[in-house]
Participant: 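Handing you this structure, nothing more for now.
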2 protein chains.
Amino acid sequence: MTIRDVATRAGVSPATVSRVFSQPETVAPGTRQRVLTAAEELRYAPNPVARSLARRRTGNLGIVVPDIANSFSAMIIKAAQQEARHAEYALFVTASEELVDDEERQARALAPQVDGLLLTSPQASDACLRELADIVPVVVTNRLLDSVPAVLTESAQATGHAVEHLHALGHREVAYLAGPDGYSNQSRTSGLQAACARLGLEPVVLGPFPARFSSGVRAADLVLAAGVTAVVAFNDDIAAGLLTRFADRGVRVPEQISVVGHDDTALAEMVTPRLTTVHIPAAAAGATATQLLIRYVRGDDSGVRRYELPSELIVRGSTGPVTARST
Amino acid sequence: MTIRDVATRAGVSPATVSRVFSQPETVAPGTRQRVLTAAEELRYAPNPVARSLARRRTGNLGIVVPDIANSFSAMIIKAAQQEARHAEYALFVTASEELVDDEERQARALAPQVDGLLLTSPQASDACLRELADIVPVVVTNRLLDSVPAVLTESAQATGHAVEHLHALGHREVAYLAGPDGYSNQSRTSGLQAACARLGLEPVVLGPFPARFSSGVRAADLVLAAGVTAVVAFNDDIAAGLLTRFADRGVRVPEQISVVGHDDTALAEMVTPRLTTVHIPAAAAGATATQLLIRYVRGDDSGVRRYELPSELIVRGSTGPVTARST
DNA sequence: ATGAAAGCGCTAACAC
DNA sequence: GTGTTAGCGCTTTCAT
């Protein structure tokens, strides 16, 4: 079922059929109707592959996330998908499973089949990313790279607020559980350090840990051994792991120890007690990055090549005042 | 950078270059090397779109999931991606956000760009699915449909075991929180009903509920009002919602009420207490479905067109013996 | 073992 | 407004 079959049946040229499906307004209403009818009868639909080849663009966007099972990634994907659809692009998702090699492979496989590529918190080398950016328009999130447009979720300030919050509750001994190296961890760490310096606290920094639940379970005992009254975790998964292990050891949260997460994923409201956490605007980041990518692909360059999205401390049940027993 | 550039540089015909990248063994080692060198120097890589058009297959597989943020979907995707890569296919993921229209749209958009399509727990009409299956090889999970190969996660037996487990713990008043209609809910409901009948119990069936955390929060009060001592939820998200609301209302689990989930997602081990749940083999389902799809696409038809994967009750901390106060 | 030539299905100038 | 004519970049007979 090709454009020629439809053309023959409608008694027009293939070009006209093509126009009906690409720029309907340029063909006379009568002809258009005849073509559409013929197409309908033949159950014809344009072949997107052939179309991509001829147009030299695919109408597809690609996104590579570190881990599809991670709900932070999921929020970004959802937002990106919505923006993409809105602009009539299809979005292809692939996951790197946190492996640098996979990430590179996925990105390279995707690159020639899409008009633009969104890399979220990429781990690949600068050189590799630049090479990709030579092949296809690339936008990254949470990664600083010359000449590649980026959307950053800046959390230094909000993480600082978390420290102030703990300080106000009377906490003087605070631990930070670092995540994998990258923009996110740096932003969180620097915000925490700065606030601590301001308040005269000396944080205990542990890690780096993989950004997973199991890391939190493991870290819980280290935190307890460190003798702190409050702990700030790189993300909610780690914080949830802490909660579980604390519960197992009979340590009450927040009475005996306060816990702060990062990301404000769905998990934060699912655990007991609900997590105080730094809300990272994942959906906004996904949407902004996708819009940026689309503008980039289309050539309507807005000039802005870097967005910093602010975060916000959300106070819930996992933080509370220091009690006598805490120390 | 096309095949012709490489051909010119290597002093061979375009056909030879093509062969080097498609069937290397058919070209003399010397020539092959020259071509590869030329390609390297020109940083040439075959254009997958052109290749797809000429070969009339894309080397891509597509998967449509109801909700990318759902960790059950995530497990299936991970397994599918692994199988796909193993067979040298790229996997494109799209989500329907639980909307039937979206599902249909996503599937139709994907269909002409892939060699095969995997639809997980599809909600679309039989007619729509069959239409898709006419365009492209389709495999479904958790959906029964004539002439479309399927992988089913059968849970009637394991859900029955959950009921037996509760019965053995002394529970006589049991509620079931139904999920959205479909194969999964039917399989779970029928297993539950059968076991109850066998044991002389009369379950209170509530719902259907959307398979989300918030549904569980809402359902918790209904469950309490129903006066049961145990509740089986359609999935872990709902069960987690129950746990949270019970905690808020000061109802202790499992001392005052026992909770059973379904799926055995990561969440089941993240909540307090850890969820007793029916393990559904999501990864196995994803892997099996993908293998089936690949065989189907390749034409090596094994004859088997339907797989039923068994589930298993995992006992954890959210179920316990009935106590005097329970009733 | 390699090359020439004819497409794959669609688009895009350019005519008319 | 519509048709003609070249491709888009690669594969694949069919010769040689």
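Please read all numbers here as calculations on a predicted model, not as lab measurements. Order of the sequence lines fixes the chain letters, A, B, ..., with proteins taken first and strands second; residue numbering starts at 1 for each chain.
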Participant: In whole angstroms, how far is the C1' atom of C/dG9 from the OH atom of A/Y44?
Facilitator: 7 Å
Participant: Report yes or no: is the cationic atom of A/R9 (NZ for Lys, CZ for Arg) closer than 6.0 Å to the six-membered ring centre of A/Y44, at no more than 45° off its axis?
Facilitator: no
Participant: Would you indicate what A/T2 reaches in the nucleic acid, counting non-hydrogen atoms under 4.0 angstrom: base, sugar-phosphate, or nothing?
Facilitator: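 Touches sugar-phosphate only.
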Participant: So what does B/R4 touch, heavy atoms closer than 4.0 Å: a base, only the sugar-phosphate, or nothing?
Facilitator: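 Contact class for B/R4: none.
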Participant: Would you say the side-chain atoms of B/Q123 and B/E103 include a donor-acceptor pair closer than 3.5 Å?
Facilitator: no
Participant: Judged by each residue's nearest nucleotide on DNA chain C, which is more toward the 5′ side, B/G30 or B/L53?
Facilitator: B/G30
Participant: Can you tell me if A/S13 touches the phosphate of D/dT2, counting only side-chain N or O atoms and a distance under 4.0 Å to OP1 or OP2?
Facilitator: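 For A/S13, the contact criterion (side-chain N or O under 4.0 Å from OP1 or OP2 of D/dT2) is not met.
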Participant: Under 4.0 Å between a side-chain N or O of B/R55 and OP1 or OP2 of D/dT11?
Facilitator: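 Checking D/dT11 against B/R55, a side-chain N or O does come within under 4.0 Å of OP1 or OP2.
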Participant: Strictly below 4.0 Å: does B/S18 bring a side-chain N or O up to OP1 or OP2 of D/dT11?
Facilitator: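 Yes, such a contact exists.
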Participant: Below 4.0 angstrom from OP1 or OP2 of C/dT2, is there any side-chain N or O of B/T16?
Facilitator: no
Participant: Does atom CZ (B/R4) have a neighbourhood of more than 12 heavy atoms from anything else shown, all under 6.0 Å?
Facilitator: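 No, the 6.0 Å shell around CZ holds no more than 12 heavy atoms from other groups.
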Participant: What is the distance from CZ of A/R57 to P of D/dG9, rounded to the nearest Å?
Facilitator: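 Atom-to-atom, A/R57 to D/dG9, this comes out as 15 Å.
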Participant: Which of these nucleotides, D/dC10, D/dT13, C/dA1, is closest to any side-chain atom of B/R19?
Facilitator: D/dT13
Participant: Grab the CD1-P distance between A/I3 and C/dG7 for me, whole Å please.
Facilitator: 18 Å
Participant: What is the separation between atom CG on B/D5 and atom P on D/dG9, rounded to the nearest whole Å?
Facilitator: 9 Å
Participant: Under 4.0 Å, heavy atoms only, any strand: does B/S22 hit a base, just the sugar-phosphate, or nothing?
Facilitator: sugar-phosphate
Participant: Hey, does B/V12 reach any base, or is it just sugar-phosphate, or nothing, if we go heavy atoms under 4.0 Å?
Facilitator: sugar-phosphate
Participant: Using the ring of A/Y296 (Phe, Tyr or Trp, six-membered ring only), decide whether A/R305 places NZ or CZ under 6.0 Å from its centre and within 45 degrees of its axis.
Facilitator: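 Yes, A/R305 and A/Y296 form such a contact.
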Participant: Could you go through the side chain to side chain donor-acceptor pair (under 3.5 Å) check for B/T120 and B/N142 one step at a time?
Facilitator: CA-CA 7 Å; B/T120 65; B/N142 287 344; over 6 Å; no
Participant: If only side-chain N and O atoms of B/R56 are considered, is one of them under 4.0 Å from the OP1 or OP2 phosphate oxygen of C/dC8?
Facilitator: no
Participant: Please confirm whether the shortest side-chain N or O distance from B/R51 to OP1 or OP2 of D/dT11 is below 4.0 Å.
Facilitator: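 Checking B/R51 against D/dT11: at least one side-chain N or O falls below 4.0 Å of OP1 or OP2.
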Participant: Using atom CG of B/N47 as one end and atom C1' of C/dC8 as the other, report the distance to the nearest whole Å.
Facilitator: 13 Å
Participant: Using heavy atoms to find the nearest nucleotide of DNA chain C for B/A54 and B/G11 separately, return the residue whose nucleotide is more 5′.
Facilitator: B/G11
Participant: Of the options C/dT11, C/dT2, D/dT2, whose atoms approach the side-chain atoms of B/T31 most closely?
Facilitator: C/dT2
Participant: Would you mind classifying the nucleic acid contact of B/A15 as base, sugar-phosphate or nothing, using non-hydrogen atoms under 4.0 angstrom?
Facilitator: base
